[in-house]
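Input: a single structure, listed below in structure tokens.
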2 protein chains.
Amino acid sequence: MDYRNVREQVTDRLREEVLLGKFETGEALREIPLAERFKVSRGPVRDALLQLSQEGLLESVPNKGVRVAKLWEGKLVPVMAKVRFDLECFAISELIKSTPEGFFDKINRNLRMFKMACEDKDMSAVVQLDLQFHRLLLRECGHVGLESVWLPLLGGMRLPYSRHGLLTESHQEHRQIADAIEKGDKKAAIAALKKNIVKPFDGK
Amino acid sequence: MDYRNVREQVTDRLREEVLLGKFETGEALREIPLAERFKVSRGPVRDALLQLSQEGLLESVPNKGVRVAKLWEGKLVPVMAKVRFDLECFAISELIKSTPEGFFDKINRNLRMFKMACEDKDMSAVVQLDLQFHRLLLRECGHVGLESVWLPLLGGMRLPYSRHGLLTESHQEHRQIADAIEKGDKKAAIAALKKNIVKPFDGK
């Protein structure tokens with residue numbers, strides 16, 4: 001396996017764990033124990049910590065190492081939710097205009113697995129598949145660079161994963177988004193997206 | 001000088017050079033020659049390349065190394081300009097509600113230096129001071145994490161720096177933003193911001 005793959009796998013795994021709330025806010029993440037746990041060298045762990053710091057999930061404190069970043073607070077939360085909504089709306093509107101070959105196969109596979117993960121209350125899979133659904137929209141809409149702006153938006157928004165009640169709702173909303181894209185119904189797709197990513201942060 | 005400082009300096013310097021258009025789009029950036037040029041070890045250069053890839057200024061191509069990323073194209077450009085505008089509007093509105101001690105000293109120092117750089121047509125200083133002005137808004141408005149979302153937005157937008165005619169206009173707009181914040185005039189601040197960061201990308 002090439003180095004870049006290892007780095008990406010470690011990054012994805014750590015991102016998932018942070019989003020899932022497996023660490024406390026402010027908890028230090030150290031290279032050596034993580035490298036031992038993932039059975040990799042320190043290089044990819046260091047890269048992963050740096051990348052997740054850039055995404056705002058971790059923060060680097062001078063002379064104190066890397067820690068799990070604070071969640072966004074107060075008025076920043078709806079601002080960020082709105083920005084994320086705008087970017088995903090753009091992706092959806094581009095996908096409706098021109099859907100790449102194989103897009104719905106990927107989406108439907110994701111939705112089937114998401115449903116199973118919800119039924120099994122497998123939170124680790126839920127986080128990963130939720131992320132994957134939204135990343136598919138961003139990656140497949142034909143605009144390189146969109147994802148690098150979108151990813152840091154998730155950093156401070158890891159709360160809703162702890163609300164188990166939202167899981168099946170979330171799957172339902174994803175299903176509605178995908179169906180509306182397939183029908184070319186932009187209005188319905190955007191209404192479902194709004195429920196999915198703006199509503200959970202409303203009124204905070 | 002500690003390691004983190006070296007890494008940040010190399011990152012800032014490289015970011016400035018890419019934004020300034022010192023490299024061609026698609027040009028490869030290699031660790032060893034950069035390390036030699038900056039007279040540092042390869043570690044901080046590698047970190048800088050990784051960070052700028054995350055910010056969308058560079059892109060990592062498997063087995064081909066790191067290259068200068070393409071500029072954003074078509075409809076993505078106004079979408080990104082709008083998102084950047086929304087984030088900076090939020091920062092300005094927070095700054096008007098509560099301005100931290102010493103904020104206007106920093107802003108005024110930046111504006112004096114920006115003016116000199118424009119007069120001297122010192123593009124390297126212009127890029128740095130333009131970035132610094134906007135970063136001051138983001139950093140001082142009291143919301144940690146905002147900057148990590150905002151920074152990648154600059155990635156695909158490095159065109160206007162090559163338009164020399166915009167320089168003095170840009171300084172004027174910054175001055176108007178700062179004055180309006182000082183007077184607590186949100187409407188005027190946001191009008192000046194709109195001219196500064198949305199107008200250059202209009203109609204593309």
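Below, each value reflects all heavy atoms present in this structure, side chains not excepted, and no hydrogens, waters or symmetry copies. Within every chain, numbering begins at 1; the chains are lettered A, B, ... in the order of the sequence lines, protein sequences first and strands thereafter. Please read all numbers here as calculations on a predicted model, not as lab measurements.
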B:Pro152 versus A:Pro152, closest heavy-atom pair with distance: CG-CG, 4.0 Å
Part of B:Val149 lying under 4.5 Å from any heavy atom of chain A: both
Which bit of B:Leu50 comes within less than 4.5 Å of chain A, counting heavy atoms only: side chain, backbone, both or neither? side chain
Are side-chain heavy atoms of A:Arg46 and B:Arg46 found at a separation under 4.5 Å? yes
Do A:Leu87 and B:Met80 make a side-chain contact, defined as non-hydrogen atoms from C-beta onward lying under 4.5 Å apart? yes
Who are the side-chain hydrogen bond (donor to acceptor under 3.5 Å, both in side chains) partners of B:Arg13, not counting sequence neighbours? none
Between chain A and each of B:Leu151, B:Val83, B:Leu76, count heavy-atom pairs under 4.5 Å; write down the option with the most. B:Leu76
Using heavy-atom distances under 4.5 Å, tell me whether A:Leu146 contacts chain B through its side chain, its backbone, both, or neither. both
Heavy-atom contact with chain B under 4.5 Å, split by part of A:Leu153: both
Which residue pairs satisfy the salt bridge (Lys or Arg N to Asp or Glu O under 4.0 Å) criterion with at least one member in residues 85-94 of chain A, sequence neighbours excluded? A:Lys82-A:Asp86, A:Arg84-A:Glu88, A:Glu94-A:Lys97, A:Glu94-B:Lys75
